[in-house]
**Q** 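One structure is given below, represented as structure tokens, and several questions about it will come after.
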Amino acid sequence: MPERLAYLLSVVAIGWAVTFGLRALPFLVFAGRDRELPPWVERLGAVISPVIIAGLVVYSYSGLEWRTAWPYLAGLLTVGLHLWKRNALASIVTGTVVYMLLLGCGCTTRQVNFGAENPAVTVTSAGVLFEDEKVAPKEVPEILDDMGVPRSCVIHILLEPGVRAGTPAFGDAKAVMGCLVQAGYRRSIFVTRRQATSKAVPRRPSAKKRPRQAVQ
Amino acid sequence: MSAIGEFAAIPRRERRAIFRRALVNSIPVLLGYVTMGFAAGVLMAVKGNVPWAPFWSGLCGFAFISGTLSFAIVPAMAGGFTFGSVALLALGINFRYAFYGFSMVGRWRGIPLWQKWLLVHTLADEIYALDVACPLKDPLKNRYYCLWNGTLNALYWCVGTTSGGVAGAALPIPSRGIEFAMVALFLVIFTDQMRDIWRQWRKRHA
């Protein structure tokens with residue numbers, strides 16, 4: 001937790017430092033002199049700002065379900081409404097609610113099995129697979145989050161034969177679990193193919209219980 | 001409302017009138033800031049994956065006084081960002097703030113450091129617009145107005161972000177797709193900028 005706390009505080013501190021620095025910049029540049037803003041700076045600002053915001057639009061779309069049509073539809077609606085009514089708040093709220101409704105009606109939900117019988121997350125000696133698609137360990141919680149999988153869901157991670165403690169692929173498996181835990185998916189478990197296909201896993205007496213029995 | 005230092009030079013009644021003017025002028029911003037801040041706070045609570053969401057949303061609101069960054073910081077809070085990319089994000093989003101101060105340099109020269117700090121810290125879009133539009137000619141009164149303007153609006157923003165964090169953490173708000181709010185904000189800003197450019201272009205060619 002302290003590490004997470006330090007990370008969060010650092011993020012806020014960096015955001016503050018950059019923002020405050022930008023706001024204070026003119027006061028530092030023109031500290032001693034009373035000058036007008038040079039026209040080229042003004043022109044530069046007029047050009048750079050829209051370019052940056054356009055870049056941010058593109059960048060922020062990568063966090064949405066950008067492979068589907070819905071974010072673009074909601075985006076068109078937002079821009080159209082804003083051109084028409086010029087009410088920033090109304091445009092943002094309407095666009096967001098419509099996007100949420102589009103997602104909520106199941107338009108983009110893929111059916112994925114996270115259960116023990118056929119887990120979506122598989123670790124092979126060649127790397128981590130999500131539904132037969134190769135992904136990086138840290139992408140797994142992002143995909144789950146995008147799909148709206150609740151944090152309380154048990155995520156089974158299938159270890160292919162040959163992936164066991166000591167092999168490099170087991171490092172991948174541990175990385176996936178670590179990333180899941182960090183993102184709040186605290187209930188992930190490793191399963192092997194045999195456990196995954198069997199209907200009932202035979203119960204074994206747990207190691208913890210034995211000494212207690214001895215005391216009795 | 002007790003006078004602070006040099007502002008004692010302004011008669012008490014006039015000080016009250018300036019404060020009231022700042023309060024009235026900030027009402028449209030109050031509506032916008034509280035609702036937008038609320039949305040940013042909810043986003044922080046449901047997508048930021050932080051403990052004590054109201055604390056973090058409130059802290060971000062207070063530290064940035066920047067709507068766009070308060071939204072955009074949420075994925076960074078969730079984790080996985082390098083500090084360099086956080087800095088780059090903040091730089092890109094708030095680059096325009098570097099241009100706001102230029103028109104204020106002369107007006108706010110040689111004032112006490114805490115006032116300069118407060119005025120610069122709260123130099124967000126709407127607050128800047130109100131500062132610029134302040135009709136008071138007397139430098140002291142003008143600054144008194146600007147200080148209240150910054151304080152009040154920053155307060156609205158913090159109230160919005162904190163209450164949004166509380167609501168997002170406490171209520172079962174459907175969160176799937178709520179991240180579109182940030183994209184919508186960027187789209188709205190971009191639309192406004194394009195409209196400005198279009199208007200200027202037409203004026204020049206008319």
Side-chain angles (χ1 to χ4, degrees), chain A residues 1 4 7-8 10-20 22-27 30 34-37 41-42 45-46 48-50 52-57 60-61 63-65 71 74-75 78-79 82-83 88-89 91-93 95-96 99-104 138 145 148 182-184, chain B residues 32 35-36 39 49-50 56 59-60 63-64 66 69 72-73 75-81 83 86-87 90-106 108-109 116 120-121 123 174 176-195 197:
Chain A
M1 205 58 226
R4 175 92 177 115
Y7 173 81
L8 290 174
S10 311
V11 169
V12 177
I14 292 167
W16 169 79
V18 172
T19 307
F20 189 81
L22 284 168
R23 283 172 176 155
L25 194 65
F27 297 90
F30 292 133
D34 203 1
R35 265 211 275 164
E36 282 290 293
L37 181 60
V41 176
E42 214 161 347
I48 281 183
S49 288
I52 288 174
I53 297 293
L56 283 172
V57 169
S60 59
Y61 259 88
L64 303 174
E65 298 268 359
T78 308
V79 172
H82 194 58
L83 283 173
L89 197 67
S91 316
I92 292 168
V93 170
T96 307
Y99 180 71
M100 289 172 78
L101 288 176
L102 284 171
L103 287 195
K138 74 174 168 76
D145 198 38
Q182 212 176 18
Chain B
T35 36
M36 284 301 291
N49 190 26
V50 289
W56 289 108
L59 184 69
C60 283
F64 307 152
S66 153
L69 189 59
I73 205 77
M77 296 293 271
F81 275 51
F83 293 150
V86 174
L91 192 72
I93 285 173
N94 286 337
F95 188 75
R96 64 186 186 287
Y97 288 156
F99 296 88
Y100 289 175
F102 283 108
S103 51
M104 298 298 186
V105 172
W108 295 341
R109 175 162 296 146
K116 203 173 224 171
V120 170
H121 181 79
L123 205 59
R176 194 158 134 70
I178 203 167
E179 62 273 17
F180 189 81
M182 184 179 84
V183 185
L185 180 66
F186 291 150
L187 282 171
V188 162
I189 294 173
F190 186 68
T191 310
D192 279 335
Q193 288 174 332
M194 285 297 114
R195 190 162 27 210
I197 289 175

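Any value given below was found using the heavy atoms of this structure, including those in side chains, with hydrogens, waters and symmetry copies removed. All chains are named by letter (A, B, ...) in the order of the sequence lines, taking the proteins before the strands, and each is independently numbered beginning at 1. In this text, all values refer to a predicted model and were calculated from it rather than measured experimentally.
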**Q** Measure distances from B:Arg96 to the heavy atoms of chain A and classify the residue's part below 4.5 Å as side chain, backbone, both or neither.
**A**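 For B:Arg96, backbone and side chain are both near chain A.
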
**Q** Chain B: which of A:Val57, A:Val93, A:Leu25 shares the most heavy-atom pairs with it under 4.5 Å?
**A**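 Going by pairs under 4.5 Å, I would pick A:Val57.
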
**Q** Under 4.5 Å, counting heavy-atom pairs only, tell me which of B:Pro75, B:Ala39, B:Ala72, B:Ala181 racks up the most with chain A.
**A**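 Max contact count across the listed options: B:Ala181.
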
**Q** Specify which of B:Thr35, B:Val183, B:Leu59 makes the most heavy-atom pairs with chain A at under 4.5 Å.
**A**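 When all of B:Thr35, B:Val183, B:Leu59 are compared, B:Val183 has the most.
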
**Q** Using non-hydrogen atoms only, which part of B:Met182 is less than 4.5 Å away from chain A: side chain, backbone, both, or neither?
**A**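 The answer is the side chain of B:Met182.
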
**Q** Check whether A:Ile92 gets within reach of chain B through its side chain, its backbone, both or neither, counting any heavy atom under 4.5 Å.
**A**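 Contact with chain B involves both backbone and side-chain atoms of A:Ile92.
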
**Q** Name the region of B:Met104, side chain, backbone, both or neither, that has any atom closer than 4.5 Å to a heavy atom of chain A.
**A**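 Both the backbone and the side chain of B:Met104 come within 4.5 Å of chain A.
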
**Q** Tell me, please, which residues at least two apart from B:Phe64 pass ring-ring contact (aromatic ring centres under 6.0 Å, His included).
**A**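 Checked B:Phe64 against ring-ring contact (aromatic ring centres under 6.0 Å, His included); zero matches.
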
**Q** Look at A:Gly184, A:Ser91, A:Ser10 and state which one has the largest set of heavy-atom pairs under 4.5 Å with chain B.
**A**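 Most heavy-atom pairs within the cutoff with chain B belong to A:Ser10.
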
**Q** Work out which heavy atom in A:Pro71 is nearest to a heavy atom in A:Leu64; give both atom names and the distance.
**A**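 Shortest heavy-atom separation between A:Pro71 and A:Leu64 comes out as CB-CD1, 3.8 Å.
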
**Q** For B:Asp192 and A:Ala88, indicate whether the former's side chain and the latter's backbone hold a donor-acceptor pair under 3.5 Å.
**A**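 A pair under 3.5 Å: no.
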
**Q** Quick one: CE on B:Met77 to CH2 on B:Trp56, what's the gap to the nearest 0.5 Å?
**A**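 Between atom CE of B:Met77 and atom CH2 of B:Trp56 there are 5.5 Å.
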
**Q** Answer yes or no: is there a donor N or O on one side and an acceptor on the other, between the side chain of A:Tyr7 and the main chain of B:Phe81, under 3.5 Å?
**A**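 Side chain of A:Tyr7 to backbone of B:Phe81: a pair is present.
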
**Q** What's the spacing between B:Asn94 CG and B:Ser66 OG if we round to 0.5 Å?
**A**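 Reported to 0.5 Å precision, the distance equals 3.5 Å.
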
**Q** Is B:Ile197 close to chain A through its backbone or its side chain, or both, or neither, when contacts mean heavy atoms under 4.5 Å?
**A**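 For B:Ile197, the contact with chain A is made by the side chain alone.
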
**Q** Go through A:Ala13, A:Gly75, A:Ala17 and name the one with the most non-hydrogen pairs under 4.5 angstrom from chain B.
**A**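 Top option by heavy-atom pairs under 4.5 Å: A:Gly75.
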
**Q** Heavy-atom cut-off 4.5 Å, strictly under: side chain, backbone, both or neither for B:Ala78 against chain A?
**A**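 Looking at B:Ala78, just its backbone touches chain A.
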
**Q** When rounded to the nearest 0.5 angstrom, what distance separates CG in B:Asn49 from CZ in A:Arg4?
**A**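 It comes to 5.5 Å.
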
**Q** Where does B:Leu69 contact chain A at under 4.5 Å (heavy atoms): side chain, backbone, both or neither?
**A**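 The side chain, not the backbone.
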
**Q** Once ring-ring contact (aromatic ring centres under 6.0 Å, His included) is applied, do any residues pair with B:Phe190, and if so which ones, sequence neighbours excluded?
**A**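 Scan of B:Phe190 (ring-ring contact (aromatic ring centres under 6.0 Å, His included), adjacent residues dropped) gives none.
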
**Q** Spell out, as yes or no, whether a donor-acceptor pair under 3.5 Å connects the side chain of A:Arg23 to the backbone of B:His121.
**A**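 Yes, because the side chain of A:Arg23 sits within donor-acceptor range (under 3.5 Å) of the backbone of B:His121.
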
**Q** Looking at A:Thr78, A:Leu83, A:Ile14, which has the largest count of heavy-atom pairs under 4.5 Å with chain B?
**A**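 Between A:Thr78, A:Leu83, A:Ile14, the count favours A:Ile14.
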
